Amino acid sequence: MLLAVDAYFEAVGQNVEGKLTASAVNAQGQAAALALGAVNPITRAAVPAGTAKLKLSNDSDFNLYYSWAEQGFERNVPATAVNKGLEIFHEVLDAKGNPVTKVKLGEEVTVRVRVRSLERANISDVALVDVLPGGLEPVLNAVGDDDDANADAPIWKKRLGGGGSWKVQYADIREDRVVFYGAVNKDLLEVTYKARATNVGDYVVPAAYGEAMYDRRVFSRSAGARFQVTGN
């Protein structure tokens, strides 16, 4: 099999070289050729900002497969949510359970994320990325060998704590975000965890984002906001 793959790579390089062309077309219909490197058997090209269409041409004897990847960050905070078969709500709550947009340095708050399916009765595999504003960090519990109260709980559950009705299968805890994995149905499910204000400032609250891992047509993005951490 390895010899066959190696032979295919060599054949593609010989047959396709100089026979592929690609052009980026802007909103005014003006086309500009994209510089394609050597094809062995994959070539890449950066697409200019403002591109409305791509024109691909293949004069070789091999089939042409292509993909488009976009990366980066939005320049402005999204003012509205986007729901495509999925809906997400993100809130920061004070000790009384009220939503807040301003806390004091060192204060502990509860982050509440709620999610539900809008169309399907059940979505078995959903990944939900909850990014915290710059002034908040997750509060993690110390985990010891003598923790008998939750002896059967996974390590991530012991560290994150929290609660809620969403039966999360796994949570990837990082310094600036928590990534949840689990099944979602039409009930409004929620998960909560603690965070602490660690830096004074006026911060952007990034939109929480989730999608069905095996059907990327199903996704949701909550609306962005702003969050303040003041001095004592």
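Note that the structure is predicted; figures quoted are calculated from it, not measured.
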Q: For side chain to side chain contact (heavy atoms under 4.5 Å, CB included), just list the numbers for Leu188 and Phe89, CA-CA rounded to whole Å, side-chain angles, deciding distance to a tenth of an Å, and then say yes or no.
A: CA-CA 10 Å; Leu188 188 59; Phe89 303 94; 4.0 Å; yes

Q | Minimum-distance pair of heavy atoms, taken over all atoms of Ala207 and Arg221 | A | CB-CG, 3.4 Å

Q) Atom CG in Leu86, atom CD in Glu119: separation rounded to 0.5 Å? A) 10.0 Å

Q. How far does OG1 of Thr21 sit from CG of Asp59, to the nearest 0.5 angstrom?
A. 6.5 Å

Q: Side-chain contact test, heavy atoms from C-beta onward, threshold under 4.5 Å: evaluate it for Tyr181 versus Val168 and give yes or no.
A: no

Q: Using a strict cut-off of less than 4.0 Å between a Lys/Arg side-chain nitrogen and an Asp/Glu carboxylate oxygen, indicate whether Asp176 and Arg174 qualify as a salt bridge.
A: no

Q | Check against side chain to side chain contact (heavy atoms under 4.5 Å, CB included), Leu128 and Val179 | A | CA-CA 6 Å; Leu128 194 158; Val179 185; over 6 Å; no

Q. Are the side chains of Glu190 and Thr192 in touch, meaning some heavy atoms are under 4.5 Å apart?
A. yes

Q: With salt bridge (charged side-chain N to carboxylate O under 4.0 Å, His left out) as the test, would you mind laying out the steps for Arg226 and Asp202 before giving the verdict?
A: CA-CA 7 Å; Arg226 301 201 71 89; Asp202 184 1; 3.4 Å; yes

Q. Under the 4.5 Å side-chain heavy-atom rule for ILVMFWY, direct or indirect, which residues accompany Phe219?
A. Val82, Tyr209

Q) For the residue pair Ala183 and Asn122, what are the closest heavy atoms and their distance? A) CB-OD1, 4.2 Å

Q.
Ignoring hydrogens, what is the shortest heavy-atom contact between Ala45 and Ala35? Give both atom names and the distance.
A. CB-O, 3.7 Å

Q: Look at the rings of Trp156 and Tyr170 and say which category their plane angle falls in: under 30° parallel, 30 to 60° tilted, over 60° perpendicular.
A: perpendicular

Q. According to a 4.5 Å side-chain heavy-atom criterion applied to Ile, Leu, Val, Met, Phe, Trp and Tyr, with indirect links allowed, do Leu140 and Val113 form part of one hydrophobic cluster?
A. yes

Q: May I ask you to test the Pro48-Leu34 pair for a side-chain heavy-atom distance under 4.5 Å?
A: yes

Q: Hey, can you tell me if Tyr193 and Phe180 have their rings parallel, tilted or perpendicular (30° and 60° cut-offs)?
A: tilted

Q: State the CG-CH2 distance between Asn185 and Trp166, to the nearest 0.5 angstrom.
A: 11.0 Å

**Q.** Common cluster, Leu93/Val139, ILVMFWY with side-chain heavy-atom separation under 4.5 Å
**A.** no

Q) Asp130 side chain to Ala208 main-chain N or O, any donor-acceptor pair under 3.5 Å? A) no

Q. Under 4.0 Å between a Lys/Arg side-chain N and an Asp/Glu carboxylate O for Asp215 and Arg120?
A. yes

Q.
Can you give me the closest heavy-atom contact between Ala31 and Ser23, atom names plus distance?
A. CB-CB, 4.4 Å

Q | Verify same cluster id: Met213, Leu189 (apolar side-chain graph, 4.5 Å) | A | yes

(Q) Ignoring hydrogens and geometry beyond distance, is a side-chain donor-acceptor pair present between Asn83 and Ser220 at under 3.5 Å? (A) yes

Per-pair distances, 0.1 Å, donor-acceptor, side chain in residues 95-109, under 3.5 Å, sequence neighbours excluded:
residue, atom, partner, partner atom, Å
Glu107, OE1, Lys104, N, 3.0
Glu108, OE1, Arg196, NH2, 3.0

Q. How long is the gap from NZ on Lys53 to CG on Asn26, to the nearest 0.5 Å?
A. 11.0 Å

Q: Please answer: with hydrophobic residues joined when any side-chain heavy atoms are less than 4.5 Å apart, are Val129 and Val126 in the same cluster?
A: yes

Q | Derivation of the salt bridge (charged side-chain N to carboxylate O under 4.0 Å, His left out) call for Glu91 and Arg114 | A | CA-CA 9 Å; Glu91 292 177 304; Arg114 294 183 289 177; 3.3 Å; yes

Q: Mind listing the closest non-hydrogen atom pair of Leu136 and Ala195 along with its distance?
A: CB-CB, 4.4 Å

**Q.** Stepwise side chain to side chain contact (heavy atoms under 4.5 Å, CB included) test for Val25 and Lys55
**A.** CA-CA 7 Å; Val25 182; Lys55 292 180 64 176; 3.8 Å; yes

Q: Can you see which heavy atom on Leu54 is nearest to which on Ala24, and at what distance?
A: CD2-CA, 4.0 Å

Q | Heavy-atom side-chain proximity of Lys194 to Leu160 below 4.5 angstrom | A | no

Q) How far does CD1 of Ile88 sit from CD of Glu211, to the nearest 0.5 angstrom? A) 10.0 Å

Q. Transitively linked via ILVMFWY side-chain contacts under 4.5 Å: Val92 with Val200?
A. yes

Q: Output the distance between atom OG1 (Thr198) and atom CD (Glu137), rounded to the nearest 0.5 Å.
A: 4.0 Å

